[in-house]
Structures are given as structure tokens and as C-alpha cells.
Amino acid sequence: MKRSPGPGRPARASCKRTASDPLVVQKDGIFRDVHMVLIPGGGILEKQLQIWCRKVTALGGSCRTLSSGPTTADVIDVATHIAAATTARLEQRMEKVELVGRAARAVAVSFKWLEECLASAAQVPVDNFLLREVGWYEHDKEGPTGSEQPGTAGGACPAPLMEHVTAKAASPGYEPLPLPTSGLSLPLNNSLSLDDSTNCPALSHPSPSNDRVQREGTACGVRAGSDGSDDEAGPCVRDALQARGARGGSREERLQEWMRTEVALRRQGRPREEGAETQDGCEASQYPEVDDESTLEGAEGDIPLDLNEHITRHLRELKDIYEALGDEWRALTYRRAVGVLERLSFRIASAEQLAGVMGVGQQVRDKVKEILGTGRLAKLDSLQSDAKLRVLRLFSSVFGVGAKTALELYSRGHRSLADLRGDPSLSRQAQLGLRYYEEIGAKMSRDDVARIHALVQAQAESICPGVSCEVTGSYRRGRIMCGDVDFLVTHPDGKSHRGLLARLHQRLTAIGFLMADLRSFDDDDQGGGALCQTYLGMCRLPGTDDHRRIDIKVYSAAVYACALVHFTGNEVFNRKVRFFALQTGFKLSEYGLFPVTKIGKRKFVDKTSLPCATERDVFAHLGLEYLEPHERNW
DNA sequence: CGGCTGTACTG
DNA sequence: CAGTAC
DNA sequence: GCCG
């Protein structure tokens with residue numbers, strides 16, 4: 001884990017130590033005379049707001065968050081900058097706090113402005129970061145980017161909040177809540193126009209431009225067009241970009257943008273990277289608090305609040321039911337719908353707002369409508385009260401028992417787990433699944449995982465010096481509780497991993513650590529090119545008599561990076577990345593990233609992977625910004 | 001109407 | 001190959 | 001169930 005560098009640590013010039021040291025206040029820092037107000041929400045953690053607050057203060061400004069508690073209006077009166085994640089957040093909050101008309105001198109900016117300032121240790125122009133009222137598009141639109149949006153691009157641009165608010169108040173149809181409808185339909189063309197400025201050649205590596213201002217926007221994966229002010233023209237980028245009808249580019253371009261936006265969503269709060277400099281801890285010195293606190297303890301909290309939990313919980317339940325029934329595609333649909341809805345920036349007020357939202361079709365919309373109207377879902381009620389279904393769900397929660405087997409067991413007359421115990425028709429896996437039922441369902445702390453890691457690593461090392469033994473899965477993604485331990489083992493020399501799993505398995509069993517094998521592996525010495533071996537089993541939780549799920553995979557160093565991406569997951573992330581890869585001419589698996597050539601209807605997959613020595617290479621080849629493991633909790 | 005990530009073990 | 005799991 |  002990266003920690004803050006010591007005070008004497010050398011840093012890049014723009015990596016001013018003081019920027020991250022709240023104790024030292026620079027009276028004439030870059031935020032001198034800045035009085036900032038931060039609006040919470042939009043997926044930004046409270047913790048992050050506090051971090052920013054400290055930094056602004058340290059750099060000579062003043063800063064308050066508009067979090068819970070009484071808002072002192074005078075704070076607003078003197079504010080020079082009001083920062084929010086999105087225009088929607090800003091409007092929502094300003095409305096609630098009855099600040100209409102008070103923030104006369106303030107400029108409304110995106111948090112990205114703040115990030116840019118901190119990153120470049122200078123107050124960058126606000127022009128490219130202004131949050132503006134949706135209805136403002138009429139005037140300054142156009143100007144086919146011929147103008148390279150210099151500082152004061154549009155005279156009307158630096159929108160004092162006053163005007164902004166006034167315009168809103170004058171609008172008769174204005175609603176307190178963030179007008180998602182208009183947001184989804186109206187500004188699409190503006191916010192989504194994937195015009196010329198979308199410069200992301202598929203395979204080119206993002207040019208490590210040092211021009212911070214020009215870089216703007218890519219932080220959110222979207223380049224606003226000529227009106228370049230902000231990519232949150234509508235209520236929120238993340239809403240708009242999920243709408244279909246993002247015309248203005250080829251299918252491929254839209255896909256690229258779509259994926260980049262998905263990626264950008266998880267990068268909120270993290271600045272865009274710069275070349276290879278992240279190695280020397282510069283990044284850590286800029287954002288030490290994020291590294292130290294958010295990554296782990298706050299990992300679960302990294303998930304933005306689900307404003308529509310009252311809806312998604314019903315749909316999630318449907319997803320579980322269809323999974324248990326073996327209707328995987330319907331289940332997939334619900335999972336996708338939930339994934340989209342839980343990240344909406346607004347609370348759904350009417351199902352119509354979902355028109356055009358990708359992944360939510362008519363039938364799901366109908367269900368949303370029903371939930372909004374009645375608070376219930378008749379279909380779900382009937383499914384849930386179905387006794388048979390409940391048994392099927394119970395059975396398929398046993399490791400090794402899926403939908404088919406569950407049905408089979410039911411038809412044999414079984415109704416409870418106890419009934420299953422004696423059934424000799426159960427596969428060996430399922431019998432073990434039953435024996436360890438509770439323990440498999442239990443989670444463990446990161447400490448537990450760390451203990452297991454230490455134990456396994458020590459054994460592996462003693463068998464095969466120099467071995468690399470990493471825990472992937474949810475642990476690597478920073479989750480607080482883990483359902484299993486997922487090892488990825490390799491040896492840097494590219495060959496010593498061969499036969500290692502057998503020896504490791506033998507050793508770990510001998511010392512009484514591995515307690516049961518849920519799935520074994522090819523034990524032949526694989527003189528061939530065997531790239532991997534996988535073991536699934538149960539292990540003893542050190543110091544206890546409890547058991548937990550453990551997976552050990554041994555992969556050759558040649559494919560390690562892709563394997564690491566694969567096993568770090570999560571599953572949703574894997575699906576999206578692989579789908580994206582496929583659409584853009586690659587096939588991604590744990591064995592590599594293979595170019596795919598389409599000739600007519602036929603696809604030819606290269607036999608040799610693009611070279612991927614690190615996870616970063618995988619992202620780079622795909623033209624995606626790198627995501628830290630904890631940002632892959634999709 | 002076909003695809004929806006891509007792969008490996010079990011029986 | 002079907003079923004299950006990662 | 002959704003999408004092209």
C-alpha cells in the first residue's frame with residue numbers, strides 16, 4: 001500500500017508537498033482569495049470533500065462543504081466558487097438550501113476544476129469547468145471548435161451563479177428535482193456529440209500530454225465539443241451517456257465513448273495519470289489521503305449512493321430469482337438494469353424518464369412504473385410467495401448445484417437441505433458444498449485473508465524460491481469482507497511455475513491447511529505449453545476451526561498480466577471490458593489480448609497475444625485509461 | 001432472430 | 001455434451 | 001429481457 005512520502009521526499013515540481021499537507025497553510029497559495037463551497041453528491045464521497053477542503057485551506061483559500069447541517073447563508077454570500085460534481089447536483093442542492101439569488105459573485109464549477117488546480121499547483125482557468133444551466137445552450141453553442149476554446153471562450157461563459165439561478169427561476173416548468181427528462185432528451189446532442197474533438201484512435205496510446213488544460217474533459221471520458229465548457233451539460237454525464245441515440249459518430253466511436261465513460265465514472269476523484277510517473281509515488285503524494293483511507297476502509301463506500309434503492313431492490317430480487325431458475329439471460333438483463341439505475345444521478349420520479357436509457361427496455365420500465373405507483377411488484381410478490389421457487393433458490397445456493405440440479409432434486413421430493421444430505425445422486429462437489437454450506441456462505445475479514453496469504457506464500461516460497469503469490473479477487477479490489485481467497489501464482493522466470501501447483505497442493509494438504517478439494521487440476525506434468533492450472537478447495541482459517549473457500553491458480557509469467565486482470569474482476573467489469581474488446585477488434589481472455597480480424601462474416605483471432613507485461617498494458621492496448629483494482633468494483 | 005465474456009473441470 | 005463455477 |  002502506498003503511503004505518504006516522507007517530508008524530504010523528492011517530488012516533481014508540480015507535486016508540491018505542501019499541497020497535501022494540511023498543517024502548513026500558505027497564505028499566498030494558489031487559492032488565495034478563493035472562498036469555495038463544495039456541494040456533496042454525484043458519487044463524490046464526503047471524505048473526498050473534506051480532503052479537498054483541507055487542501056484548499058492549506059493553499060490559502062477558505063472552503064466549506066454544503067453537507068448536512070444548517071447552512072449558513074453567509075457562506076454562500078461570500079463564496080467565489082461553488083463546486084459540484086454535476087450541474088444536477090448543484091441545482092438540486094441550491095434549491096434545497098434556498099440559496100436562489102444569494103450566490104451573486106460565485107462561479108459554479110465542476111470538481112474537476114479543483115482537481116486540475118491541485119494537480120497543476122496553479123489556479124487553472126475555470127472556463128472549461130463551468131457548470132451551466134441546461135437551458136443555456138442556445139447562445140454560445142456552435143463555433144465548430146474552430147476556436148480552440150481559449151480562456152474566455154464565450155463572453156457569456158463565466159456564468160455567475162446569480163444569472164444561472166435567475167434563468168432557472170424564470171423558467172416556468174422548473175421543478176425542484178433535477179429534471180431528468182429534459183436532461184436525457186434535450187442536451188444529448190450537445191453533451192454527446194462525439195465530434196472531431198473525440199480524438200481517441202483505437203490503438204494509439206493516449207498521448208501523455210502535459211497540457212493540463214487541453215486534457216480537460218478526458219477525465220470524464222467525454223470531450224465536450226466546441227462549447228467545451230463542461231461535459232455535464234445535462235443533469236449528469238453518466239445519465240446522458242447511458243442514453244441511446246448518442247449519434248454523431250460511427251458505431252465504433254460511440255462504443256469507445258461509452259466504455260470510456262464507464263471507466264471515467266470509476267475514476268472520479270482521481271486525476272488523470274501522467275505518463276509513467278506514477279511509479280515514484282508522485283500520485284501518492286498528491287492524494288495521500290485517498291490512498292490511505294479511501295482505498296480500503298472506504299472501498300465499500302466508493303459506490304455512489306443508490307438514489308433509487310427502493311426500485312432496484314425489487315429488480316435485484318428478480319435477478320436473483322431468474323438466476324436460481326436458470327434463466328441466465330433474463331437475469332443478465334436485470335443485473336444490467338440494476339447496474340444502470342443504481343447509478344443514476346437522480347431519483348426516478350416517473351418511468352418516462354428512463355426512455356432511451358441503455359439496458360432498460362419497455363418491460364423493465366413498466367415494472368418501474370408499477371413500483372413507483374404501488375410500491376410493490378405483483379410479479380415479484382407472486383414469485384416470492386412461491387414455495388417451490390423458494391426451495392429451488394435454496395438448493396441452487398449450494399456450491400455445485402445449479403438450476404438444473406436444483407429442479408431435479410425438487411422433483412425427487414426434496415424440500416430442505418437436510419433432505420439432500422443423504423442423497424447419493426449428489427455430485428461429489430455438491431456433497432462438499434452441502435457439508436460446508438454455512439462456511440462457504442460466510443465472509444471473512446481482510447485480516448483473515450492476509451493471514452491465509454502469508455501462510456500460502458511462505459509455503460510456496462519454500463517450494464519454489466522467487467515465486468510470486470498474489471491474492472486477487474475481491475480482496476485485491478479492496479473489499480472489506482471477502483467470500484473467498486483467490487490466489488494467482490506465477491514465477492518470473494517463466495518456467496518454474498510448471499508443476500508447482502501439484503507440489504503446493506500436496507504441501508498445503510500435508511500441513512492440514514487444505515481441507516477439501518472442490519475441483520482439482522490436470523496433474524500431468526504438462527510437457528506441452530500448459531499455461532495454467534487451477535485448484536478450488538476449502539482451507540482452514542488460521543487459528544480457528546472454520547473453513548473458507550480458496551482458489552489457487554498457477555499461470556505462466558507470459559500471460560500473468562491478463563490473468564491478473566481476469567481474476568481481479570469483478571465479473572461485471574470483465575464482461576464489459578471483454579465486450580468492448582470484442583467490438584473494437586480484440587478478444588480478451590485470461591490468456592492474453594488477441595487482435596481479431598474480420599473478413600466478411602468470418603473472424604480470425606490472432607494466435608499470439610499483444611504483449612502485455614502489466615495490467616496497464618492491457619488497458620493501454622484497448623485505449624482505456626487504467627483503473628486501479630478498487631475501481632473495478634462495477 | 002441471434003447474441004449476450006471466455007474458459008476449465010466433472011460426470 | 002450438459003452443468004457448474006470462476 | 002434487451003439490443004442491433
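Keep in mind the model is a prediction, meaning the values are calculated, not measured. Within every chain, numbering begins at 1; the chains are lettered A, B, ... in the order of the sequence lines, protein sequences first and strands thereafter.
Counting any heavy atom pair closer than 4.0 Å across all strands shown, Val577(A) reaches no nucleic acid atom. Among the protein residues, Leu582(A) comes within range of the sugar-phosphate backbone only, with heavy atoms under 4.0 Å from sugar or phosphate atoms but none that close to a base. Residue contacts shown for Ala403(A) are limited to sugar-phosphate atoms, with no base heavy atom under 4.0 Å away. Across all strands, Asp551(A) comes closer than 4.0 Å only to sugar-phosphate atoms, never to a base (heavy-atom distances). Looking at heavy-atom distances under 4.0 Å, Val398(A) makes contact with sugar-phosphate atoms alone, never a base. In this structure, Ser589(A) reaches the sugar-phosphate backbone alone: every heavy-atom distance under 4.0 Å involves primed, P, OP1 or OP2 atoms, never a base. Residue Lys576(A) is classed as having no contact, given no heavy-atom separation below 4.0 Å to the nucleic acid. At the heavy-atom level, Lys379(A) lies under 4.0 Å from the strands shown only through sugar-phosphate atoms.
Donor-acceptor pairing under 3.5 Å is recorded for the side chains of Asp423(A) and Ser425(A). A donor and an acceptor atom, one from each side chain of Tyr560(A) and Glu470(A), are located under 3.5 Å apart.
With rounding to whole Å, Phe579(A) atom CZ is found 16 Å from dC2(D) atom P. Atom OH of Tyr535(A) is separated from atom P of dC9(B) by 14 Å (rounded to the nearest Å). Put simply, NZ on Lys603(A) is 11 Å from P on dG3(B), counting in whole angstrom units. One interatomic measurement links the two molecules: CZ of Arg335(A) to C1' of dC2(D), which rounds to 15 Å at whole-angstrom precision. For the pair Leu426(A) CG and dG11(B) P, the interatomic distance rounds to 12 Å; values are reported in whole Å. A straight line from CD1 of Ile552(A) to P of dA8(B) spans 19 Å, rounded to a whole angstrom. Per the geometry, NZ belonging to Lys553(A) stands 12 Å off C1' belonging to dT7(B), to the nearest Å. Put simply, CG on Asn574(A) is 11 Å from P on dT5(B), counting in whole angstrom units.
In summary, of the residues considered (Thr534(A), Thr490(A), Asp486(A)), a side chain to side chain donor-acceptor pair (under 3.5 Å) with Lys553(A) occurs for Asp486(A) alone. The side-chain contact (heavy atoms from CB on, under 4.5 Å) with Leu504(A) is formed by just one residue from the set Ile552(A), Leu514(A), Val467(A); it is Ile552(A).
Arg365(A) and Glu370(A) are not joined by a salt bridge, as no carboxylate oxygen comes within less than 4.0 angstrom of a charged side-chain nitrogen.
Nearer the 5' end of DNA chain B, as judged by each residue's closest nucleotide, is the contact made by Thr333(A), out of Tyr555(A) and Thr333(A). Nearer the 5' end of DNA chain B, as judged by each residue's closest nucleotide, is the contact made by Glu328(A), out of Arg519(A) and Glu328(A).
Annotation: dG3(B) and dA2(C) have their P atoms spaced 15 Å apart (nearest Å). Nucleotides dA5(C) and dT5(B) have their C1' atoms positioned 14 Å apart, rounded to a whole Å.
Listed candidates were dG1(D), dT10(B), dG6(B). Nearest to the side chain of Ser520(A) is dT10(B). Checking dG11(B), dG1(D), dC6(C) against every side-chain atom of Phe399(A), the shortest atom distance belongs to dC6(C). Taking the side chain of Gln363(A) as heavy atoms from C-beta on, and the options dT4(C), dG1(D), dG11(B), the nearest nucleotide is dG1(D). Closest approach to the Thr405(A) side chain among dT7(B), dG1(D), dG3(C) is made by dG3(C) (side chain taken as heavy atoms from C-beta onward).
Within the structure, every side-chain polar atom (N or O) of Gln429(A) is placed at least 4.0 Å from both OP1 and OP2 of dC9(B). For the pair Lys587(A) and dT7(B), the criterion of a side-chain N or O lying under 4.0 Å from OP1 or OP2 is met. Tyr591(A) has no side-chain polar atom (N or O) that falls below the 4.0 Å cut-off from OP1 or OP2 of dT7(B). In this structure, Arg578(A) does not reach the dT5(B) phosphate: none of its side-chain N or O atoms is under 4.0 Å from OP1 or OP2.
Residue-environment remark: CZ (Arg421(A)) exceeds the threshold of 12 foreign heavy atoms within 6.0 Å.
Ring stacking holds between Trp329(A) and dC4(B), with the centres under 5.5 Å apart and the planes within 30 degrees of each other.
Between atom OG of residue Ser350(A) and atom CG of residue Leu372(A) there is a gap of 7.5 Å, rounded to the nearest 0.5 Å.
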